[in-house]
Amino acid sequence: MKQLIELEINGRIYEIPVSPKDLLVDVVRKKVGLTGTKKGCGQGDCGACTVLLDGEPVLSCITLAIACQGKKITTIEGLVAEDGTLHPIQQSFVEHGAVQCGFCTPGMILSSKALLDKNQQPTELEIKRGIAGNICRCTGYKRIVEAIKAAGDTLASGEVK
Amino acid sequence: MGNPNFTQVGRSVPRVDGPAKVKGEAIYTDDMVLPRMAYGKIKRSPYAHALIKKIDYSKALALPGVLTVITGEEAPNKWGIVPQTANEVALAVGKVRYHNEGVAAVAAIDEETAEAALDLIEVEYEPLPVLLDPQESMRRANEVKIHDDAPENILHSGDQLFGDPDQAFAACTYILEREFHTSYVNHAFLEPQTALASYDVQNDKLQLWSSTQVPHYLHRQLSIVMEMPMNKIRVTVPAVGGAFGGKGEASPADFCAALLSRKTGRPVKVTYERSEVFATNKGRHPCQIKMKIGLNKDGYIQAVDFDNTMDGGAYAGWGMVVMFYTASMIHLPYKVPNAHARVRRVYTNKPTCGAMRGLGGIQPRYAMECMLDEMAEMMGVSAYELKMKNAVESGYRSVSNLHVPHSEYKKCLQTAVEKSGYLEKHGKLPFGKGIGLAGGYYISGTAYTLYQAYKPHTTVLIRVDTEGGVTVHCAAAEIGQGCNTVMAQMAAEALGIRFEDVHVVSGDTELGTFDLGSFASRLTYAAGAAIKEAAAEINLKLKETAAGMVGCRADQLEIKDGRFCSIFEPRKNIEWEKVVDLYTNSVGTLVGTGHFSPPRLKGIDLTRGKRVQGANIGHSPTFGFSSQVWEVDVDLETGKIRVERVTEAGDCGQAVNPMSVDGQVEGSIMFAMGQALYEEMKVDDQGKMINASLHDYKVPTAMELPEMNTTIVDSYDPTAPFGVKESGEGPVQPTIPAITNAIYDAIGVRFTELPITPEKVLQALKEKNSR
């Protein structure tokens, strides 16, 4: 049986009818219509479905939607500023050529955000650990690591809010 | 770097689709929803080889929410990317040949209902013996046949003789024979195959959105399976989440979506689960290779003998083409005056193998580069010296008539060796640490269509008008490799304007002009040539208009930085937009078209002038090269191999977008490293895949990223449009042998079987110590 729940996604409250077994990825993609969150494996292995739950990266394909009530959910769509400006991590990914097919990108950027929110100048190893759960098959990761490092530097220098 | 006169080609501009992708706004097929859309799911076989006795789907149909069910009998026409060997069907007809082959498909109002319906479909099977190894499959062909038309369980075989290898071997000072086994690997692109079909019942028209890399070939296959004329079908490619060859032919998802949509009169979407991606595979062929190489006393290669048994899995796919590519790939990047290749592609009851990044090259390259490393040791010289001595140069023509118009392969070897300190380190590192060298190449621009046709492989239409700037139309597929960005750069270069003012319309068989698709590293070269031709037509017309405005002869004008200038007096000039404006006002919208057909070289034995069957395959307008040096650290206690550093140098001709090239090269390196060290699909004794997930099938993560130094060597192919060559398949070739050679340098063991896992390393160390 479906029940109506409230989910806070990117600062907005959505009232959504869900069944207890509905997964967050499906609710976000199909019921809310935020398709930036990707589903690459449905088993918690690839990281494409990563979203932030109270700032922590979680795999939305193995997270029940009802368990997210009362928490702040951030999807990739929530990173762009009101005026359309890209988040420094998004900007850095574009500039560094860290995007190819783009399917891992939303999850990769959200994992990066969780990392940089805690530590704006991580070491290379810390960056690699931060995205170890996000598979990218196109780029070979090198440019992603560079993009995250550069975004951290930008954030640390306070050039952007 | 490259041509210094270029202003748009050679720029490291961020890709045009980058912002949409980082915002999560790029639309992939599974992101699409249409009014009244239904969901399709495929029922799959629990047997790897069985006759289908009966399918009863009455209970499924009775389930509320189920719209329809289809079985193979409703669309029995055989499809296949290679028309000569087409033997696949949308859903199995009468027999299944691999575990999880589709036998029926359901359309329902939602996914849950469709899944529930699958369980209600009752299928009666009569299990048959399962053949899982190609040797066994050939041996037992008289008692178990996978296909009726393949009495030996062989799809196709080839025997290619060039020169006189027997005589050449007899005169060789150094001869080495080795056997290599490569593994069964999958592309593991992140976006599972997805198709959304919308059939217009009143007009008998089909619109299909698909995660394909070959919209044209999919278009053709749909026409065959659906029994519809091509002009009633439109294929559109939304954003594609990686492909690597795995989306280089139609998938049953495409056919099932289309068939279910026609039957229900509703749009139907079929999205694969990850397990279905593995089940339908089309990944790299495991090869059992026997290779023999002969060198004369000075180290020049005299002959190569190559015997390859390929495990093709259940159906044909790209198999025959891949098979002949493996035979072709022994002729480069070294000069081989005599060669004999015997190749066969064998059916087994496993998910079918097909095209995968660098197809046909990886396996023979692994054998040859490892053997040359060993032969250098036999001779007491460095592998670098041996490879430099034999490396091909510009203008080389192989005994099989492959023509290499341009090569900087020696520069690749030299750069990688010098930048890595290979000569200083090789053989001198402490036990457990090692350094290895290998090289490779790949085709660029392709040469033969898969079906007999003389039409150009690519047509580009460039439209210039006063409203939209410049629009380039081409039905090529952007699959993440960046072709839309690169095509815009080339068009801008040819028109003398800025890349930012060029818009590319691709990935649509109705809006785009003809293109074969994104495979075999053909697109930059092929589209580049067509763009050049189309732009020349436009430039000619605009110059006539500009001539009157500038006050000089049209043939004395050049277009630079958005202006038409007199070549003698550059200050006499006029803005490009003003010329377009005048032209459009006086004539109308300006279009130019360009075509590209690769040259058709015959695969002949040059010593006899005789045609050799299958040897046309592998010919290409030009070739890209790569050389890599890998440094590894082998943990002697755990057997784990840690890659410390990789130094790569590549010849991609003129880099259109150097940042994009670097991305292709770095991606190639990690992709091939996965096959070298971690990746392998495994099936149990009944053919069921036991690691069909990204948890159990191990692809490299960021934790495995080594220090990576890549160099685009200075190169410009004067025979190529804008001087370009490929950059995304050559660099996968040297990786596996370079790692293997590095491991040998580290622990003195030459591994001839992939992947080189910690278990194999420990076992080898144990055997070595007990000797």
Side-chain angles (χ1 to χ4, degrees), chain A residues 19 26 29-30 33-48 75-80 84 86-87 89-106 108-109 124-125 127-145, chain B residues 12 14-15 17-28 30-33 111-112 187-192 239-244 271 273-275 277 479-482 657 659-660 662-671 673-674 693-696 699-705 708 710:
Chain A
S19 77
D26 295 325
R29 283 178 58 78
K30 293 176 191 164
L34 294 173
T35 53
T37 304
K38 299 301 176 206
K39 195 171 177 180
C41 71
Q43 297 167 306
D45 297 325
C46 78
T75 70
I76 191 67
E77 290 89 348
L79 260 59
V80 182
L86 295 180
H87 185 280
I89 304 174
Q90 293 173 314
Q91 186 65 37
S92 188
F93 267 59
V94 172
E95 284 169 6
H96 285 83
V99 179
Q100 286 188 30
C101 85
F103 207 78
C104 76
T105 305
M108 196 68 88
I109 287 176
E124 190 176 316
L125 184 62
I127 294 174
K128 287 179 179 177
R129 284 192 181 132
I131 57 168
N134 295 80
I135 292 172
C136 169
R137 197 60 161 165
C138 297
T139 67
Y141 303 104
K142 188 186 172 196
R143 262 146 225 288
I144 292 175
V145 172
Chain B
S12 281
R15 48 188 303 144
D17 53 358
K21 284 177 173 174
V22 298
K23 286 190 282 187
E25 289 176 6
I27 300 297
Y28 299 78
D30 188 47
D31 300 337
M32 296 179 67
V33 176
E111 279 176 299
E112 295 74 18
H187 322 80
F189 39 73
L190 269 201
E191 179 210 21
V240 175
F244 314 111
T271 304
E273 304 286 338
R274 180 54 57 178
S275 58
V277 175
I479 55 172
Q481 85 280 41
N657 185 326
M659 182 164 75
S660 222
D662 288 340
Q664 284 294 311
V665 174
E666 291 152 11
S668 294
I669 287 171
M670 287 300 274
F671 194 85
M673 178 178 144
S693 74
L694 291 174
H695 181 79
D696 296 316
V699 303
T701 71
M703 295 307 290
E704 281 74 50
L705 169 65
M708 217 185 254
T710 63

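Any value given below was found using the heavy atoms of this structure, including those in side chains, with hydrogens, waters and symmetry copies removed. Below, read A as the first sequence line, B as the second, and so on, with proteins coming before strands; counting in each chain starts at 1.
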| said: Do B:Gln664 and A:Gln100 make a side-chain contact, defined as non-hydrogen atoms from C-beta onward lying under 4.5 Å apart? | reply: yes
Note: vs chain A, highest number of non-hydrogen pairs under 4.5 angstrom among B:Ala26, B:Gly18, B:Ala188 is B:Ala188
Residue from B:Glu25, B:Glu704, B:Glu111 scoring the most non-hydrogen pairs under 4.5 Å with chain A is B:Glu111
Check your understanding: With a 4.5 Å limit on heavy-atom distance, are the side chains of A:Arg29 and B:Asp31 in contact?
Key -> yes
Are the side chains of A:Arg143 and B:Asp662 in touch, meaning some heavy atoms are under 4.5 Å apart?
yes
Interatomic distance, CE@B:Met670 vs SG@A:Cys138, rounded to 0.5 Å, equals 13.0 Å
So, the part of B:Ala239 with a heavy atom under 4.5 Å from chain A: the answer is neither
Pair count under 4.5 Å, heavy atoms only, with chain A: among B:Met673, B:Glu112, B:His187, highest is B:His187
Under 4.5 Å to a heavy atom of chain A? For B:Leu705 that would be both
If one checks every heavy atom of A:His87 against chain B at 4.5 Å, the contacting part turns out to be neither
With chain A, the option among B:Leu190, B:Val33, B:Asp17 that has the most non-hydrogen atom pairs under 4.5 Å is B:Leu190
Of the listed A:Ile135, A:Leu125, A:Ile127, the one with the largest count of heavy-atom pairs under 4.5 Å with chain B is A:Ile135
Bottom line for A:Lys30: the part with an atom under 4.5 Å from chain B's heavy atoms is side chain
Looking only at B:Gln481, B:Met708, B:Lys23, B:Glu273, the option with the highest number of non-hydrogen pairs under 4.5 Å against chain A is B:Lys23
Chain B shares the most heavy-atom pairs under 4.5 Å, among A:Pro106, A:Gly78, A:Gly47, A:Cys41, with A:Cys41
A:Gly40 and B:Pro192 have their tightest heavy-atom pair at O-CG, 3.6 Å
When rounded to the nearest 0.5 Å, the distance separating NZ of A:Lys142 from CD of B:Glu666 is 4.5 Å
Discussion item. Side chains of A:Arg137 and B:Pro700, heavy atoms from C-beta outward: is any pair under 4.5 Å?
Written reply: yes
(request) Taking B:Lys21 for its side chain and A:Val99 for its backbone only, find out whether a donor-acceptor pair lies under 3.5 Å. (result) no
Task: Pairwise side-chain contact, A:Gln43 with B:Arg274, heavy-atom cut-off 4.5 Å (strictly under) - done: yes
All heavy atoms of B:Tyr28 vs all of A:Phe103, minimum pair found to be OH-N, 3.5 Å
Among B:Gly674, B:Gly24, B:Gly242, the residue with the most heavy-atom pairs under 4.5 Å to chain A is B:Gly24
Honestly, the part of A:Thr105 sitting under 4.5 Å from a heavy atom of chain B is side chain
Exercise for the section: Output yes when A:Lys38 and B:Asp30 qualify as a salt bridge under the 4.0 Å nitrogen-oxygen rule, no when they do not. Expected result: no
When the 4.5 angstrom heavy-atom criterion is applied to A:Val94 and chain B, the contacting part is both
